[in-house]
Each structure stands twice: as structure tokens, then as C-alpha cells.
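Note sheet for the following structure.
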Amino acid sequence: VQLQAFGGGLVQAGGSLRLSCAASGRTFWRYAMGWFRQAPGKEREFVAAISGSGGTSVYADSVKARFTISRDNAKNTVYLQMNSLKPEDTAVYYCAAGVSGTVVNPVGYDYWGQGTQVTVSS
């Protein structure tokens, strides 16, 4: 599975962005998908994950009620809608695919995209 994340950019605090992650292959539906982020000098942290069917999603407390993860299995794409962005959301965002379910630990994912930069100005 190859993953390509895009949609990052520079936005003012309070603004919105939608990240997309396109996957190759014909078995996208088998994979839980996750979004992680890594800010400079910090460890990679979990943001959100969604099950293969899209029926289950989990979020980090820091983004709950602001971010929404969704997927379109017909398009092999997972999305992260980010609203009410804060400067502390600034990071490189990565999408990941795995067969272990909607886990929050990055070791539970087998494939990773290249990352897309999100910068939120105050």
C-alpha cells in the first residue's frame, strides 16, 4: 500500500483545512487508517483513526470536536477535516494504514505516507 497525503498549508488560527490521503491498491477497505502529527522537537502523536468500514472512529482529546476523520473506500481516500485550528496544531501530518484496527499507537500501522505540513499562525 502506498499512501500520499496532501492538503496542508498555512492558515490563520480559527481557520480550517482538509487533508486527504490517497492510497494505492484494491484492498483499501481492509485497512484502518490513522492520522498522526509531529511538531519540531516532539514525538509523533496520534490524531485520529477510522476503521476499514468507516463505522468506528477515535480521536485524540486535543482535537476532539474540532477534527473529523472520514473515508471514501470507492476513492481509496481518507480525509481529515480540521476546524478551529490553533497554533499548537502546527505540525507535519502523516497518514497511515494498518490491519490492527483503530489503534492509537503508531506501531500498529504498517504503511505511512510522506507527510504534509500544516502551519497555523496566531
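Note that the numbering runs from 1 along the sequence shown for the chain.
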Sequence neighbours left out, cut at 3.5 Å: what donor-acceptor pairs do the side chains of residues 53-61 make with other protein atoms?
from, atom 1, to, atom 2, distance (Å)
Ser53, OG, Gly55, N, 3.2
Tyr59, OH, Ile69, N, 2.9
Asp61, OD1, Lys64, NZ, 3.1

Original post:
Who pairs with Tyr93 by ring pair (Phe, Tyr, Trp, His ring centres under 6.0 Å), at least two apart in sequence or on another chain?
Top reply: none
Subject >> Test ring pair (Phe, Tyr, Trp, His ring centres under 6.0 Å) applied to Tyr109 - qualifying residues, sequence neighbours left out >> reply: Phe36
**OP:** Is it possible for you to say whether Tyr111 and Val47 belong to one hydrophobic cluster, with membership spreading through side-chain heavy-atom contacts below 4.5 Å?
**Re:** yes
**OP:** Establish whether Trp112 and Val104 are linked, either directly or via other cluster members, by ILVMFWY side-chain heavy-atom contacts under 4.5 Å.
**Re:** yes
Subject >> Smallest separation among heavy atoms of Leu3 and Ala23, with atom names >> reply: CD2-CB, 3.5 Å
Original post:
Applying salt bridge (Lys or Arg N to Asp or Glu O under 4.0 Å), which residue pairs with at least one partner in residues 70-83 are found, sequence neighbours left out?
Top reply: none
**OP:** Sequence neighbours left out, what pairs pass salt bridge (Lys or Arg N to Asp or Glu O under 4.0 Å) with at least one residue falling in residues 14-34?
**Re:** none
**OP:** Mind checking side chain to side chain contact (heavy atoms under 4.5 Å, CB included) for Gln38 and listing every partner two or more places apart, or none if nothing turns up?
**Re:** Arg44, Tyr94
Original post:
What pairs with Val99 under side chain to side chain contact (heavy atoms under 4.5 Å, CB included), at least two apart in sequence or on another chain?
Top reply: Tyr31, Asp110
**OP:** Report the residues that fulfil salt bridge (charged side-chain N to carboxylate O under 4.0 Å, His left out) with Arg37, sequence neighbours left out, ordered by chain and then residue number.
**Re:** Glu45, Asp89
Subject >> Residue pairs fulfilling disulfide bond (SG atoms under 2.5 Å apart) with at least one residue in residues 29-64, sequence neighbours excluded >> reply: none
**OP:** Kindly state each residue pair satisfying disulfide bond (SG atoms under 2.5 Å apart) with at least one member in residues 21-115, sequence neighbours excluded.
**Re:** Cys21-Cys95
Original post:
Side-chain contact, heavy-atom cut-off 4.5 Å: Phe67 with Leu80?
Top reply: yes
Original post:
Going by heavy atoms in the side chains, are Trp35 and Val78 under 4.5 Å from each other?
Top reply: yes
Any chance you could measure [X], atom [atom1], to [Y], atom [atom2], to the nearest 0.5 Å?
X     : Y     : atom1 : atom2 : result
Leu85 : Leu17 : CG    : CG    : 5.5 Å
Asn73 : Phe28 : CG    : CZ    : 5.5 Å
Asn76 : Gln2  : CG    : CD    : 12.5 Å

Could you tabulate the donor-acceptor pairs under 3.5 Å formed by side-chain atoms of residues 115-122, not counting sequence neighbours?
from, atom 1, to, atom 2, distance (Å)
Thr116, OG1, Gly8, N, 3.1
Gln117, NE2, Ala91, O, 3.4
Gln117, NE2, Thr119, OG1, 3.3

Original post:
With sequence neighbours excluded, what pairs up with Gln81 under the side chain to side chain donor-acceptor pair (under 3.5 Å) test?
Top reply: Asn83
Original post:
Around atom CD of Gln114, are there more than 12 heavy atoms of other residues, nucleotides or ligands at under 6.0 Å?
Top reply: yes
